[in-house]
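Below: one structure, written as C-alpha cells.
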Amino acid sequence: MADADLIKPSINSTPHLKKITKIHPDGDLTLVVGAKERRALVCHRVLSRASPVFRVMLTGSFCESRQNFQDGTPWIVRLPEDNWRATHILLCIIHGKLADLPADLPIQTLYNLLVVTDKYDMTKFIIPWAKSWVPKKYHVHHSTYRVCGLTYLLWITVAWELGHRELFERGLRGAIVDFWTDRDGILFSWGNTSRWRVAFEAELDLALFPRGLFEKIASAREKIASIFMDSMRQVIRGLEYQLAS
C-alpha cells in the first residue's frame with residue numbers, strides 16, 4: 001500500500017486514528033479488522049449496497065448503526081474475527097480499487113476470502129477474479145511434491161464454493177488416498193515432514209465444507225482397503241497353493 005493511502009494524523013489526534021488504510025478517499029466509517037486491529041477507512045453506503053448483512057448492521061438497530069454515532073464520535077465498527085488480508089481484498093473490489101488486487105493468491109488466502117464473503121453474503125463480487133486465483137500447480141505429482149492433508153481440504157472447499165470441478169476432484173482424490181481413520185473415526189493425514197492430526201473444526205469453517213464429505217472420505221477409504229485386502233488374500237492363497245503342490 002502506498003504512503004498516499006495512509007492517513008497520518010497529527011500528534012493531537014486520538015489514538016484510534018494513528019494509522020488507517022484509506023480504501024475510500026471520503027470514507028465515513030472505520031473498520032477495525034482482526035486480532036491485530038488493522039484499520040480501513042471505507043464508505044458505509046458502498047458496504048450497505050454490496051452486503052445485506054452490512055446494510056442491517058450499519059442502518060438498523062444494532063450497536064454498530066450510524067444512529068449511535070451522531071454525537072461527533074468517530075464511527076468505528078470492529079470485526080475481530082475477520083482476516084485482514086481477505087477483508088482488504090474484498091473492500092478493494094467493492095470500492096473499485098481494482099489496481100490494488102493481487103495477481104495471485106495462496107490457497108489459504110483464497111479460502112479466507114471465501115469465508116469473509118460467505119459471512120457477509122458477498123461471494124458474487126469476487127467471482128470474476130476468484131477463478132483466476134485458483135491454484136495452477138495442484139497437478140504436481142506426489143513423487144516431487146506432497147501437500148499436507150489440510151491443503152486437500154482447502155482445495156475441496158474452495159472448489160465447492162467456486163464450482164471448480166477439476167480442483168474438487170483432485171482434492172477429493174488426494175484426501176481419499178492420503179487420509180485414514182483411527183479407532184475413534186478421526187481422519188489423519190501425513191504432513192510435509194511428519195504425521196499430524198488434522199484439526200478440522202479448528203482450521204476450517206465447516207459451514208463452507210460439503211456436508212457429509214468427511215464420512216464419504218472415510219467410507220471410500222474403507223472400500224479401498226477392503227478391495228486391497230481381498231487382492232492380498234488371493235495372492236497369498238495362490239502362493240500357498242503353489243507351495244502345497
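Values below: all heavy atoms of this structure, side chains included; hydrogens, waters and symmetry mates excluded.
Using a 4.5 Å heavy-atom threshold, the side chains of Val32 and Val77 count as separate. Contact annotation: the side chain of Thr21 approaches that of His88 to within less than 4.5 Å [non-hydrogen atoms, C-beta and beyond]. Between Asp82 and Leu31 there is no side-chain heavy-atom pair separated by less than 4.5 Å. Two residues are said to be in side-chain contact when any heavy atoms from C-beta on lie closer than 4.5 Å; Thr30 and Pro74 fail this criterion. Residues Glu161 and Leu208 have side chains in contact (heavy-atom distance under 4.5 Å, counting atoms from C-beta outward). Two residues are said to be in side-chain contact when any heavy atoms from C-beta on lie closer than 4.5 Å; Leu90 and Leu113 meet this criterion. Using a 4.5 Å heavy-atom threshold, the side chains of Leu154 and Leu110 count as separate. Residues His24 and Leu41 fail the side-chain proximity criterion, which asks for heavy atoms closer than 4.5 Å.
Panel note: side chain Thr157, backbone Leu153; a donor-acceptor pair is recorded below 3.5 Å. A donor-acceptor pair is defined here as one N or O able to donate and one able to accept, closer than 3.5 Å; no such pair exists between the side chain of Asp100 and the backbone of Ile93. Asn83 places no side-chain N or O within donor-acceptor distance of the main-chain N or O of Gly34, the cut-off being under 3.5 Å. Listed for the Arg55 side chain is a donor-acceptor partner under 3.5 Å among the backbone atoms of Ser48. For the pair Gln70 (side chain) and Arg66 (backbone), a donor-acceptor distance under 3.5 Å is present. One N or O on the side chain of Ser51 and one on the backbone of Tyr120 form a donor-acceptor pair closer than 3.5 Å. Put simply, the side chain of Arg38 never gets that close to the backbone of Lys36: no donor and acceptor are under 3.5 Å apart. In terms of modelled atom types and a separation under 3.5 Å, the side chain of Ser65 and the main chain of Gly60 share a donor-acceptor contact. Without hydrogens or angle criteria, Ser231 side chain to Ile227 main chain gives a donor-acceptor distance under 3.5 Å. Here the side chain of His95 pairs a donor or acceptor atom with the backbone of Leu91 at under 3.5 angstrom.
Listed here is the closest heavy atom pair of Trp84 and Arg39: CH2-O, 3.9 Å. The minimum heavy-atom distance between Val116 and Ala86, with the atom names listed, is CG2-CB, 4.1 Å. For the residue pair Ile94 and Val46, the shortest heavy atom distance occurs at O-CG1, 3.3 Å. For Leu114 against Thr117, the heavy-atom pair with the smallest separation is O-OG1, 3.1 Å. A pairwise comparison of heavy atoms in Val53 and Lys119 identifies CG2-O, 3.7 Å as the closest pair. Taking both residues in full, the closest heavy atoms of Thr123 and Asp118 are given as OG1-N, 3.7 Å, listed atom of the first, atom of the second, then distance.
For the atom pair Ser132 OG and Asp104 CG, the distance stands at 8.0 Å (nearest 0.5 Å). To the nearest 0.5 angstrom, Thr59 atom OG1 is 10.5 Å from Met57 atom CE. Atom CD of Glu37 and atom CD1 of Ile76 lie 10.0 Å apart (nearest 0.5 Å). Atom CD of Glu166 sits about 10.5 Å away from atom CH2 of Trp155, to the nearest 0.5 Å. Expressed to the nearest 0.5 Å, how far SG of Cys43 lies from CG of Asp26 amounts to 8.5 Å. Going from atom NZ of Lys22 over to atom NZ of Lys97 covers 8.5 Å, rounded to the nearest 0.5 Å.
Within 6.0 Å of CH2 on Trp160 lie no more than 12 heavy atoms contributed by other residues, nucleotides or ligands. Counting heavy-atom neighbours within 6.0 Å of Glu169 CD, excluding the residue itself, gives a total above 12.
Leu105 and Leu98 end up in the same hydrophobic cluster when Ile, Leu, Val, Met, Phe, Trp and Tyr side chains are linked at under 4.5 Å. Note on Met122 and Val56: separate hydrophobic clusters, where clusters join Ile, Leu, Val, Met, Phe, Trp and Tyr whose side-chain heavy atoms are under 4.5 Å apart, directly or indirectly. Tracing side-chain contacts under 4.5 Å through hydrophobic residues (I, L, V, M, F, W, Y), one never reaches Phe69 starting from Phe62; they form parts of separate clusters.
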Assess the residue pair Tyr152 and Leu172 against the criterion (side chain to side chain contact (heavy atoms under 4.5 Å, CB included)); give the C-alpha distance rounded to whole Å, side-chain angles, the decisive distance to 0.1 Å, and a yes or no. CA-CA 7 Å; Tyr152 287 134; Leu172 184 58; over 6 Å; no

One pair to check against side chain to side chain contact (heavy atoms under 4.5 Å, CB included): Trp133 and Ile89. What are the steps and the verdict? CA-CA 12 Å; Trp133 289 331; Ile89 291 171; 3.9 Å; yes

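Salt-bridge check for Glu64 with Arg78: failed, with every basic side-chain N at 4.0 Å or more from each acidic carboxylate O.
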